[in-house]
Amino acid sequence: MMYKNPFTPVFGNEPPILAGRQRMIQDVITGLDNGPGDPNRVTIFTGPRGSGKTVLLATIAAAAESMGWISVHATAMPGMLDMLIEQIEEKGAEFLSVEQSGGVTGVQVSGFGITRELPDRKSVSFRTRASRYLKELEEQHIGLLITVDEVSADVPEMITLIDSFQHFIRERREIALLMAGLPNNVLQMFQHESISYLRRAFRKRLDSVSIPEVRMAIEDTVKLTGRTIDREALSVASEATNGFPFLIQLVGFYMFSQSDRKKISLEDAERGIEIAKIDMERMIIDSTVRALSDRDMDFLEAMSRDEEYSNISDVAKRIGASASLASHYKRRLAEQGIISSVGRGKIAFNIPMLKTWLRERGEQ
Ligand SMILES: Nc1ncnc2c1ncn2[C@@H]1O[C@H](COP(=O)(O)OP(=O)(O)OP(=O)(O)O)[C@@H](O)[C@H]1O
Ligand SMILES: [Mg+2]
């Protein structure tokens, strides 16, 4: 008998069971319930690759829709505002007085067919269009949730969106804006002077999930399929993820596919972890490392010689840097979510296996 593998080691794919994150989801949902003015209605999620940002946005959007909100989604890039408007028109079709004949997609009508309304519509700014729809939705007690993934200050439309949003908030509209991005990009956005408003947004870091929460998620995911898992296998697998969401799926996936027996054994788990490690290295570590400077790498390499954590002063000595230079590197790496402070003058790796990878690399 073949069991269908329930794990989703694919970026952006919603897992059947979410590990942790309940609090973050609940905060936003409460904010939507609460009404205009609730600070949770402008939230930015930050976290390294694979920490679950995209999935979190999608999960909250689904919850909002089940509360009767309309949710629209875009990735920060040119054209995003049009995409948002299109989705509002589509999802709000039954509530809005939009002329649906042709709609925005009227462009498809080729040649002379280009509609009378299109040039006009283009020239109407995002803010005006969105504002009109917001009023109409509000009359029917429908809120609008906008989620934007991969935010970056380099996208001018992002600035327009935030600027418009600021006005909607001032008008006390039923609207919420959730954003997600890599720590560095979010930081840059916050420094952009024309959207200082954003500094008021709640910034939430997607840290690693606690091991007990990982345990529960893995066990529940396995159970969905009718299989079970050996207790020790569950412990070993949970620990191996270090609470990192992508690894939960990766370890789960490979462990699950080791055999067809009803019960997942310790041996299945151990073999699954091995394969997951290789995949993890390829997918996450490579892309993370590529974004780092040589000096950052030296710093991390120096850190990798320690066991549980490193003293910044030791690391500084090893790379021959002054204390202030070392703390500058430390801050930068922490902002990117690669390391974090674990007490006075102490730092540790956030990304599981990056340390092992650095060590093995050093030995070559
Ligand atoms: N809370 C969670 N519990 C279990 N698995 C999760 C959780 N969140 C995300 N995942 C899994 O982790 C992987 C990465 O999730 P996601 O694509 O949301 O990450 P991301 O932070 O958006 O990454 P990127 O920065 O590359 O876009 C996916 O395989 C997803 O199924
Ligand atoms: Mg993502």
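The analysis underlying the following values was restricted to heavy atoms, covering all of them including side chains, and did not include hydrogens, waters or symmetry mates. For ligands, and for the atoms within them, numbers begin at 1 and follow the listed sequence.
When the shell of 6.0 Å around CD of Glu232 is examined, it contains 12 or fewer heavy atoms from other residues, nucleotides or ligands. The local environment of CZ in Arg227 is crowded, with over 12 non-hydrogen atoms from other residues, nucleotides or ligands closer than 6.0 Å.
At the shortest separation from atom 3 (N) of ligand 1 among protein heavy atoms lies Ala19 N, 2.8 Å. Protein heavy atom closest to atom 17 (O) of ligand 1, with residue, atom name and distance, is Gly12 N, 2.6 Å. Nearest to atom 11 (C) of ligand 1 among the protein's heavy atoms is Gln249 CG, 3.5 Å. Given atom 7 (C) of ligand 1, the protein heavy atom at minimum distance is Pro245 CB, 3.6 Å. Ranking protein heavy atoms by distance to atom 20 (P) of ligand 1, first place goes to Lys53 N, 3.5 Å. Asn13 O, 3.3 Å is the protein heavy atom nearest to atom 30 (C) of ligand 1.
On a distance-only criterion, Val55 and ligand 1 share at least one N/O pair closer than 3.5 Å. Close N/O approach between Glu14 and ligand 1 is not found [any backbone or side-chain N/O within under 3.5 Å]. At least one N or O atom of Val10, backbone or side chain, sits closer than 3.5 Å to an N or O atom of ligand 1. By the 3.5 Å distance cut-off applied to N or O atoms, Arg49 is counted among the residues near ligand 1. Between Leu18 and ligand 1, a contact under 3.5 Å exists for no N or O pair. Not one N or O of Gly20 is nearer than 3.5 Å to an N or O of ligand 1, by distance alone. Checking only distances, Ile248 never comes within under 3.5 Å of ligand 1, N or O to N or O. Of the polar atoms of Phe11, none of the N or O atoms is found under 3.5 Å from an N or O of ligand 1, judged by distance alone.
Lys204 pairs in a side chain to side chain donor-acceptor pair (under 3.5 Å) with only one of the listed residues (Thr46, Asp27, Thr43), which is Asp27. Each of Glu136, Glu138, Glu139 was checked for a salt bridge (charged side-chain N to carboxylate O under 4.0 Å, His left out) with Arg173, and the lone residue meeting it is Glu138.
Inspection of the Asn5 and Ser257 side chains reveals no N or O donor paired with an N or O acceptor under 3.5 Å. For the residue pair Ser71 and Glu65, a side-chain donor N or O sits within less than 3.5 Å of a side-chain acceptor on the partner.
Atoms CG and NE2, on Leu333 and His328 in that order, are 9.5 Å from each other to the nearest 0.5 Å. Remark: Arg332 CZ to Ile339 CD1 distance equals 11.0 Å, nearest 0.5 Å.
Residue pairs meeting the ring pair (Phe, Tyr, Trp, His ring centres under 6.0 Å) criterion with at least one member in residues 46-72: none, sequence neighbours excluded.
Under 4.0 angstrom from ligand 1, the non-hydrogen atoms of Pro9 all belong to its backbone.
Below 30°, between 30° and 60°, or above 60°: for Tyr3 and Phe256 the angle between ring planes is above 60°, a perpendicular geometry.
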